[in-house]
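Structure, as structure tokens:
Side chains included, hydrogens not; waters and symmetry mates left out as well; all remaining heavy atoms used. In what follows, every chain begins at residue 1, and chains take the letters A, B, ... in the order their sequences are listed. Computed from a prediction, not measured in an experiment: that's the story for all the values here.
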Amino acid sequence: MSSSYRNRIQEFKLALSEQQVDLKALRELCFSGIPCEGGIRSLCWKILLNYLPPDQTLWETFLEKQRDVYAQFLREMIIQPGIAKANLGVSREDVTLEDHPLNPNPDSRWNTYFKDNEVLLQIDKDVRRLYPDMAFFQRPTDFPCQLILDPQNEYETLRRRVEQTTLKAQTVNRNRSGVTNVSSPGKALHLYPSNEYAVLPNGCEAHWEVVERILFIYAKLNPGIAYVQGMNEIVGPVYYTFATDPNSQWKEHAEADTFFCFTNLMSENRDNFIKSLDDSQCGITFKMESVFSRLKQKDTELYIRLQEQNIKPQYFTFRWLTLLLSQEFLLPDVIRIWDSLFSHQDRFEFLIPVCCAMLTLIRDQLLAGDFTTNMRLLQDYPISDVHSILIKAKELQDSL
Amino acid sequence: MRKMSGDSELGCTEHLFKVLVIGDHKVGKSSFVKRYVRNQFYEELKTSIGVDFSMKVIDWDAHTRVRLQLWDIAGQERVRGLNRVYFRGSSGAFVVYDLTNGSSLDGALNWKRELDCQVMLKNGHPIPAVLLANKCDETKVSRRNASLLEKLCQEKGFTGCFQTSAKENINVDEAAKFLVKHILQINEESMKEEEQKIHLKPQTNTNSVCC
């Protein structure tokens, strides 16, 4: 460890030791990257994402309260419906009297149950494939959710629910045009054929299962937006950062803390995920156009070249912007970019100059390439040194 | 239109066609493209967000080379607002559904409808679209269903239908060949029409406004 790096860690420790953390100073520090040592990043992100208040003396009681709130969500949204389902399945006479699976009433608990299953299955498909090139999310967590796995509780867990629902889907499918689905039901058991995706034994939970639960609770609490594909890519890095915190007390509560930080993050980023806002000022189309209008100011030649080749911002910035670049770089680099994004005062405003910098840094290649080469470059971005990108982005921003 | 034809070497024609790959989420669009372009298959591909772009060069015959730009459009509902931008200028499409997921066939028909609203040939006809019943390695299609599918295909204006498996490499090249053949045919017909127009009305075309 170089001495300058050691100094940097010291600077962070100092900033974080104040009773009242100076947000402005902390933001400035974090903007140039947060050290991964000693759980500094995990703590800084919690502050930057407006989860922890600046007053340190409040942290302990605050965290306790929030983690309780989250446990309550689990009880209400996973455990109770699970118990209700288990009971309904047993005592048939109640089922026909009050509520039953074919009850058309929109208030029917079964109706909600089936709707939730659709969301759950969607989440399940996506989280199983979270960062497939990394082993982390497939590994068991050291802190499986005791509330959920309590053997005293006889009820339907999310894992069980996914298994059951996929089994059903295999036998019932019939297309409206009259084409029946004739898959053999046995196949359903091998939904994910590769061994990597084998479910861990009872009592164990993989990290992806924790992420699944966070997304499910978020979807239940935010029915207007529920779950949109890509959200998994946003929870992923936050959860990873919290779940690898060396402080085991904090690590243990990575799930609850991630949930609240993700919720805060989404409150600023959710417009990107709402289709009806796409063409509004806060929607994604406007942001995609902003990347190009910024480019036009900064590098007219490159802008004109892309225009000539009919390369539209929609062809590549959609993914860049909605996922906060999480699919363009390796996880440690994504995390580094997010240090800067989270600590910037206008938060995601900074994403526009970052995207613009990504374009100008490969301008020579883009100017020389044809449509196909350029589309490939933009879809599979060639530079992995995110520091140079961030420096360039800052430069573009300051030279406005 | 992003369809260019030109002479490259002596007597050799090169074509560039934009081909869409559309269909519901998780039916295997990206897997189909990966198999076709790189002859590879991955069990765990990431969910596509937005659009994935790839290219396949085919030496069609001794004097025809075809460059296919494949636009693999993310299947989720969320992206559909952007489809107008993605669909523009395409010459053909693969509409994919998952044989083991009945509702994805309804999805495929919706995608076909949307495609026909957004793009058409110069003469107003729909662009050629091939329906792919993917993941055929996982399930058997009964004779009754196969003929129903055939009928459905005609009714909904598909150029053809193939049962494919990106995993086991079944019918992937065949389906692609079939689509390219139709695109080339249409291309030739429209070139002939253009020529005829020029011969028939050598002078009246001058007042057309170009935008």
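The number of heavy-atom neighbours closer than 6.0 Å to NZ of B/K56, taken from other residues, nucleotides and ligands shown, is above 12.
Between A/F137 and A/H207, the two ring planes are perpendicular [angle over 60°; tilted spans 30° to 60°].
Each ring pair (Phe, Tyr, Trp, His ring centres under 6.0 Å) pair with one or both residues in residues 142-177 of chain B, not counting sequence neighbours, appears once here: B/F162-B/F178.
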Evaluate the ring-ring contact (aromatic ring centres under 6.0 Å, His included) criterion for residues A/Y240 and A/F136: first the C-alpha distance (whole Å), next the side-chain angles of each, then the deciding distance (0.1 Å), finally the verdict.
CA-CA 8 Å; A/Y240 175 82; A/F136 174 80; 4.9 Å; yes
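Within the 4.5 angstrom heavy-atom criterion, atoms from both the backbone and the side chain of A/Q314 approach chain B. In this structure, the portion of A/L323 lying under 4.5 Å from any heavy atom of chain B is its side chain and not its backbone.
If you tally non-hydrogen atom pairs under 4.5 Å between each of A/T372, A/D126, A/T317 and chain B, the highest count goes to A/T372.
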